[in-house]
Amino acid sequence: MKIRTLHPWDVTFQEAVKIQESLQSQIVIRKLKQKIKLVAGVDVSTSRRSHAVWAGAVVMAFPGLMMVEERWIRGSSDFPYVPGLLSFREIPHILNVLGQLKNEPDLFLCDGQGIAHPRGLGLASHLGLITQKPSIGCAKTRLVGEYAQVEYDRGSRSDLLYRGRKVGMVLRTKKGVKPIFISPGYGVTAGQAVEIVLKCTGKYRLPEPIRKAHLLVNRARREEEG
DNA sequence: GCGACAG
DNA sequence: ATCTTGTCGC
């Protein structure tokens, strides 16, 4: 797939914020244009003892969820974790692993936010903009926004509101288990995002492609650093 | 100044 | 995120 170079990654925090502000207007939230046949879950694992990072991508058929391909790579990260600037830490490595894929995904499921972000450009939105692919943010905890408590049953949801705008949904993917924060990243609506995430979950809290990517990078890290 | 804060 | 054993609830 084509990966666009929109800006440098080796930037200061202030420059990163400026980049996000300038890119935000390019985020398009609309109904999917294409049928989704391949979904990719991406995740990054970091080391506590060094700057090493492991990025992974798991491609699965949709909606059947048969495994199609999985790849991982090791890299080195200089940018620290800063709330609101996660993409500057993780996306460079995610792009490297995406470059290894033989199968081009139709949509990305990301561990983090989409437009539910202080400047409307969470990791999922940023990745979708760069790849020009639909993307969905699936975060385990809140970054911004307010919401009403979510009911107990699977499928229950509550709007995530931020500055008077609906930026996502808080979704219960498994009964009695903590809900996750779904926000459209790029090229998909919140309703479709929820629909897709529910089709990718069942037995576990997180969407299967993300969960598989998480296991993949943790396995890789454990094998490499003991 | 204080509290909040994806991974 | 990472570190880290047992334990409580569906």
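Sequence lines set the chain letters: A, B, ... in the order given, protein chains first and strands last, and positions in each chain run from 1. In what follows, every heavy atom counts, from backbone to side chain, and hydrogens, waters and symmetry copies are set aside.
Aromatic ring orientation, A:Phe181 versus A:Tyr147: perpendicular (interplanar angle above 60°, classes split at 30° and 60°).
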Practice problem: Would you check, one step at a time, whether the test ring-ring contact (aromatic ring centres under 6.0 Å, His included) holds for A:His7 with A:Phe88? | Solution: CA-CA 11 Å; A:His7 59 80; A:Phe88 286 84; 5.7 Å; yes
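A salt bridge links A:Glu224 to A:Arg74: at least one charged side-chain nitrogen sits closer than 4.0 Å to a carboxylate oxygen. Under 4.0 Å is where a charged nitrogen must lie from a carboxylate oxygen, and between A:Arg211 and A:Glu208 at least one such pair does. For the pair A:Lys212 and A:Asp43, the salt-bridge criterion is not met [side-chain N within less than 4.0 Å of a carboxylate O].
DNA chain B contains no stems of three or more consecutive Watson-Crick or G-U pairs with both distances under 3.5 Å.
Considering A:Trp9, A:Tyr186, A:Phe108 as possible partners of A:His126, the one that fulfils the ring-ring contact (aromatic ring centres under 6.0 Å, His included) test is A:Trp9.
Distance, A:Arg48 CZ to C:dT4 C1': 10 Å, rounded to whole Å. Spacing between atom CD of A:Glu225 and atom P of C:dA1 amounts to 15 Å, rounded to whole angstrom units. Distance, A:Leu215 CG to C:dT2 P: 12 Å, rounded to whole Å.
Closest approach of A:Ser135 and A:Val188 over heavy atoms only: O-CG1, 3.4 Å. Looking at every heavy atom in both residues, A:Ala57 comes nearest to A:Leu216 through O-CD2, 4.1 Å.
Using a 4.0 Å heavy-atom criterion, one finds that A:His126 contacts no nucleic acid atom at all. Among the atoms of the strands shown, only primed sugar atoms or phosphate atoms (P, OP1, OP2) are found under 4.0 Å from some heavy atom of A:Arg221. Note on A:Ser45: only backbone sugar-phosphate atoms sit closer than 4.0 angstrom, heavy atoms only; bases stay farther off.
For A:Lys33, the side-chain contact (heavy atoms from CB on, under 4.5 Å) partners at least two apart in sequence or on another chain are A:Arg30. Evaluation of the salt bridge (charged side-chain N to carboxylate O under 4.0 Å, His left out) rule for A:Arg172 yields no partner, not counting sequence neighbours.
Panel note: side chain A:Arg154, backbone A:Lys175; no donor-acceptor pair is recorded below 3.5 Å. Here the side chain of A:Arg205 pairs a donor or acceptor atom with the backbone of A:Lys178 at under 3.5 angstrom.
Between A:Asn218 and C:dT2, a side-chain N or O to OP1/OP2 separation shorter than 4.0 Å is present.
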Exercise. Starting at the 5' end of nucleotides 1-7 of chain B, put B wherever the base has a protein heavy atom under 4.0 Å, S where only the sugar-phosphate does, and a dash everywhere else.
Key: ---SBBB
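For the residue pair A:Arg119 / A:Gln20, a side-chain donor-acceptor distance below 3.5 Å is found, with atom types taken as modelled.
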Self-check item: 5'-to-3' dot-bracket of DNA chain C (Watson-Crick, G-U; under 3.5 angstrom; crossing pairs as [ ]; | other strand)
Solution: ..........
So which protein N/O to nucleotides 6-10 of chain C N/O distances come out below 3.5 Å?
{"residue": "C:dC10", "atom": "O3'", "partner": "A:Tyr152", "partner atom": "OH", "Å": "3.0"}

